[in-house]
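Step one of this worksheet: look at the structure below.
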Amino acid sequence: NGFLVSTWKMSTDAAAAATPATGGKAENFAFNADITQLMNLIINTFYSNKEVFLRELISNSSDALDKIRFQSLSDKSILGDAKQLKIDIIPDTKNNTLTICDSGIGMTKLDLINNLGTIAKSGTKQFMEAIKAGADVSMIGQFGVGFYSAFLVAEKVIVESKNNDDEVYRWSSDAGNSFKIEAVQDSDLKRGTRITLHLKDDQLEYLEEKKLKDLVKKHSEFIGFPISLWVTKEEEKEVDDDEDDEEDVDDDDDKPKVEEVKEEQKKEKKKKTIKETKSDWEVLNKQKPIWTRSKDEIKKEEYSAFYKALSNDWEEHLAVKHFSVEGQLEFKALLFTPKRAPFDLFEGKKKKNNIKLYVRRVFIMDNCEDLIPDYMAFVKGVVDSEDLPLNISRESLQQNKILRVIKKHLVKKSIEMFKEIAENKDDYKKFYEAFSKNIKLGIHEDSANRKKLADLLRYHSTVKGEELTSLKDYVGRMKTEQKNIYYITGESRKVVEQSPFLEKLKKKGYEVLFMVDPIDEYAVQQLKEYDEKKLICVTKDGLKLEMTEDEKKKKEEEKAAFEDLCKKMKEILGDKVEKVVLSDRLSSSPCCLVTGEFGWSANMERIMKAQALRDNSMTSFMVSKKTLELNPEHSIVKELRVRFSNNAQDQTVKDLVWLLFETSLLTSGFSLPQPTVFAGRIHKLIKLGLSIEEDDTAEAAVEEENKDDDDVPPLEAQEAEEMEDVD
């Protein structure tokens, strides 16, 4: 800091010394810029991808064609001899040039100087101001910075242009300090612009037919004018034997003559096949932008053909949503739901979404993350805006606010499309099998649309059997006294159907939803309620079933009777459980383990333990305290109470408490911390049941195995008799 201050002081002192004491006139100086360096900066900074040059030049041609078409609406004679409005692309591999030619409005000499001589100058704005009408004239481009993208691939650019008000002029530059303009005599250009790019040595790939076709299909497929490519094809042709030599030297002008001879003499003379090279125009943008038409005019087959062209899917779409938005922001959109989920739907490195963004039918991007949320990445379609503001290179948007408006509409219409699918049970079954995870991810992530997405959820339940049920239907079937929606999470439907947590609920006739998809655990954390009814997990604390006065009185009596047993069991189990209480949810099982209302469930704990890159420090915070709930009406629990009241120090009670705890871990969905210890206990019980005496070696091995396990003590051998009695 001291150095900077002293340097600044020296500079200001020097400046003060250089300033004359008396006032004088200020002089004006122009900034000096190296145009070559500036051009290089503009070209390589504005465009991150060299291939966009073709998009820019085609878009400029489309603009020029739009202008002449607009003028011709009021005066047909303006089109003159060049009535066909088109764009031609001609690759020349011999001279390493690529030519883009259009029959648009063209430029005068003054236009060439102003538009191409001034960097980032555009005539479109002035044109729009002049007509002062919402005609079909694109605002993007004209010859501004879009034109200079040509220098990404070309070392020299030649522009020939003919406007109805002027002669043909040629503009040429190598992106240096200057450019040339000269009049062209005897040009075959009737009207429009011809741009010839002399490609750099390392950019010759843009002369390849396949490369050019791919670029036009990607960026300019829906331009409103035909784009034709000059292609060379090799064809097989039958010729007469006696004209072989003549055929070898025939040029293109004689080809029709060969055809005539072939037709006249095909029955009289023998034929042979030769290969012939032929050049012709091939139209590249045959697929029309159907979203610009009214949806009432479009047939299902047209939607299907467009979807297949857009997505490269061999199957038809499941549903389509065609709509337009008008107002401050105008755009048209066409959204499709596919029948199947792609295999890489949740792949991290894949493209974020399948929505293509167009501005006046010119492709802008297909990887805009702000256009549609991640959970709707399977939705395919196009968005075409009429007035979307773009930055100077068209590669990013200036105003995120506009994107947010588009995103809001796309999400709203997509959900409407899903609800329309839900009206057909068979179609929705296909949809839900493929994209249920996406809907649940939306529940987790999209708070604004959570209620709408909740209507799309479907689950198996204790009532519906094989059929899936919606939350709306569940609420419609609820009993009068039932206040909450009950659900259970688990590894599979087969596991949760036999869960002890469902016993009392089934007895009361309450329906329970089965949530067996791992993502259900995340979704239900955010979906707290539906239709003003709370979602209650039956494996957690907080399950309060409606009871009659007699049931409440009976529960109080049982609580008092089993209070000592609960305290003793808590003492035996220590910190393995937070508390031991009597259960409201069991009817046929002796006990179960429930988790805290706000911590992980047993299923969530299992899911988190399976994470390959999990944070172990997080686990210690989120693993919920366990509560052991006893069924006071079960014979095992009743007998334990009797045993304990007879002898408070009964070792048998202690051992059986551990066995009950470990079995309830399994039935409640937890994993055993030490499976071998549990297995050892079961083996000892089996031996006792079979009256097999433990030999000393085996006993020593078991004791050695359990030496370190202070929390889970082994069975005492001396109590074999008592255990036999229990057995």
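For the pair Leu229/Glu209, a side-chain contact is recorded, criterion being any heavy-atom separation below 4.5 Å from C-beta on. At least one side-chain heavy atom of Arg293 sits under 4.5 Å from a side-chain heavy atom of Ile290. Side-chain contact between Phe323 and Leu335 is present, with at least one heavy-atom pair separated by less than 4.5 Å. Side-chain contact between Ile536 and Val538 is absent, with no heavy-atom pair separated by less than 4.5 Å. Looking only at side-chain heavy atoms (C-beta outward), Lys76 and Lys83 stay at 4.5 Å or farther from each other. Taking the side chain as every heavy atom from C-beta outward, Lys437 and Lys440 never approach each other to under 4.5 Å. Ile89 places a side-chain heavy atom less than 4.5 Å from the side chain of Val216. A heavy-atom distance below 4.5 Å is not found between the side chains of Phe331 and Ser324.
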Take Val516 and Thr489 through the side chain to side chain contact (heavy atoms under 4.5 Å, CB included) test and state the conclusion after the steps.
CA-CA 6 Å; Val516 294; Thr489 59; over 6 Å; no

Does Glu221 form a salt bridge (Lys or Arg N to Asp or Glu O under 4.0 Å) with Lys213? I'd like the steps, not just the answer.
CA-CA 10 Å; Glu221 187 177 13; Lys213 284 181 178 178; over 6 Å; no

Give the intermediate values and the outcome of side chain to side chain contact (heavy atoms under 4.5 Å, CB included) for residues Leu207 and Leu199.
CA-CA 9 Å; Leu207 295 174; Leu199 298 181; 3.6 Å; yes

Walk me through it: do Lys429 and Asp426 pass the test salt bridge (Lys or Arg N to Asp or Glu O under 4.0 Å)?
CA-CA 5 Å; Lys429 187 180 179 184; Asp426 292 336; over 6 Å; no

Does the ring-ring contact (aromatic ring centres under 6.0 Å, His included) test come out yes or no for Phe53 and Tyr206, once each step is laid out?
CA-CA 10 Å; Phe53 83 93; Tyr206 293 108; 5.2 Å; yes

Evaluate the side-chain hydrogen bond (donor to acceptor under 3.5 Å, both in side chains) criterion for residues Arg606 and Ser601: first the C-alpha distance (whole Å), next the side-chain angles of each, then the deciding distance (0.1 Å), finally the verdict.
CA-CA 9 Å; Arg606 177 186 65 82; Ser601 65; over 6 Å; no

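Residue pairs meeting the ring-ring contact (aromatic ring centres under 6.0 Å, His included) criterion with at least one member in residues 424-443, sequence neighbours excluded, are Phe378-Phe435, Phe418-Phe431, Tyr428-Phe431, Tyr428-Tyr432, Phe431-Phe435. Pairs passing the ring-ring contact (aromatic ring centres under 6.0 Å, His included) check and including a residue from residues 293-312, sequence neighbours excluded, read Phe222-Phe306, Trp291-Phe306, Tyr303-His322, Tyr307-His317, Tyr307-Phe336. Among residue pairs with one or both ends in residues 513-537, none qualify as ring-ring contact (aromatic ring centres under 6.0 Å, His included); sequence neighbours excluded. Residue pairs meeting the salt bridge (charged side-chain N to carboxylate O under 4.0 Å, His left out) criterion with at least one partner in residues 412-424, sequence neighbours excluded, are Lys321-Glu416, Lys321-Glu420, Lys413-Glu416, Lys419-Asp455.
Scanning all heavy atoms of the two residues, the minimum distance from Glu466 to His460 falls at O-CE1, 3.0 Å. Nearest heavy atoms, Glu316 versus Ser304: CG-OG, 3.1 Å. The two residues Ala454 and Leu471 come nearest to each other via the heavy atoms O-CD1, 3.8 Å. The two atoms that bring Ile100 and Ser61 nearest to each other are CG2-OG, 4.0 Å, heavy atoms only. Val231 and Lys233 get closest at one heavy-atom pair: CG2-CE, 3.9 Å. Closest approach of Ser461 to Leu513, counting heavy atoms only: CB-CD2, 4.0 Å.
Between Lys464 and Glu511 there is no salt bridge, since no side-chain nitrogen of the basic residue lies less than 4.0 Å from a carboxylate oxygen of the acidic one. Salt-bridge formation is not detected for the pair Lys217/Asp214: no Lys NZ or Arg NE/NH1/NH2 atom is positioned less than 4.0 Å from an Asp or Glu carboxylate oxygen. Checked for salt-bridge contact, Asp88 and Lys86 meet the test: a charged N lies under 4.0 Å from a carboxylate O. We find that Asp384 and Lys356 are not joined by a salt bridge, their nearest charged nitrogen and carboxylate oxygen being 4.0 Å or further apart. The existence of a salt bridge linking Asp63 and Lys67 is excluded, since no basic side-chain nitrogen approaches an acidic carboxylate oxygen closer than 4.0 Å. With respect to Lys211 and Glu205, a salt bridge is recorded, a charged nitrogen being found less than 4.0 Å from a carboxylate O.
Not counting sequence neighbours, Thr337 has no partner by the side chain to side chain donor-acceptor pair (under 3.5 Å) test. Residues passing the side chain to side chain donor-acceptor pair (under 3.5 Å) test with Asn285, sequence neighbours excluded: none.
Of the possible donor and acceptor atoms, none in the side chain of Asp517 sits under 3.5 Å from a partner among the backbone N and O of Asp520. The backbone N or O of Ala523 sits nowhere less than 3.5 Å from a side-chain atom of Gln526 that would complete a donor-acceptor pair. Listed for the Arg450 side chain is a donor-acceptor partner under 3.5 Å among the backbone atoms of Ile443. Side-chain atoms of Ser436 do not come within 3.5 Å of backbone N or O of Glu433 as any donor-acceptor pair. Within the 3.5 Å criterion, the main-chain N or O of Glu315 finds a donor-acceptor partner in the side chain of Asp313. Between the side chain of Ser228 and the backbone N or O of Val283 there is no donor-acceptor pair closer than 3.5 Å. A donor-acceptor contact shorter than 3.5 Å is absent between the side chain of Glu208 and the backbone of Lys210. For the pair Asn484 (side chain) and Tyr486 (backbone), a donor-acceptor distance under 3.5 Å is absent. Judged by distance alone, the side chain of Ser470 and the main-chain N or O of Asp473 form a donor-acceptor pair under 3.5 Å.
In this structure, the separation between CD1 on Ile415 and CG on Asp446 is 6.5 Å, given to the nearest 0.5 Å. Here the CG atom belonging to Asp280 is positioned 6.0 Å from the CH2 atom belonging to Trp230, to the nearest 0.5 angstrom. Atom-to-atom distance recorded for Lys408:NZ and Ile406:CD1 is 13.5 Å, nearest 0.5 angstrom. Residue Asn354 holds its CG atom at 8.5 Å from OG of Ser311, rounded to the nearest 0.5 Å. For the atom pair CD1 (Ile87) and OG (Ser220), the distance works out to 7.5 Å, reported to the nearest 0.5 Å. The line from CG of Leu535 to CD of Gln525 is 12.5 Å long, rounded to the nearest 0.5 Å.
For NZ of Lys380, the number of neighbouring non-hydrogen atoms (other residues, nucleotides, ligands) closer than 6.0 Å is greater than 12. Counting heavy atoms of neighbouring residues, nucleotides and ligands inside a 6.0 Å radius, atom NZ of Lys308 exceeds 12 of them. In Lys472, the NZ atom is not crowded: 12 or fewer heavy atoms of neighbouring residues, nucleotides or ligands sit closer than 6.0 Å.
Between the side chains of Ser279 and Thr232, at least one donor N or O sits under 3.5 Å from an acceptor N or O. With hydrogens and angles left out, the side-chain atoms of Glu521 and Asn603 include a donor and acceptor closer than 3.5 Å. If you check the side chains of Arg55 and Ser149, you find no donor sitting under 3.5 Å from an acceptor.
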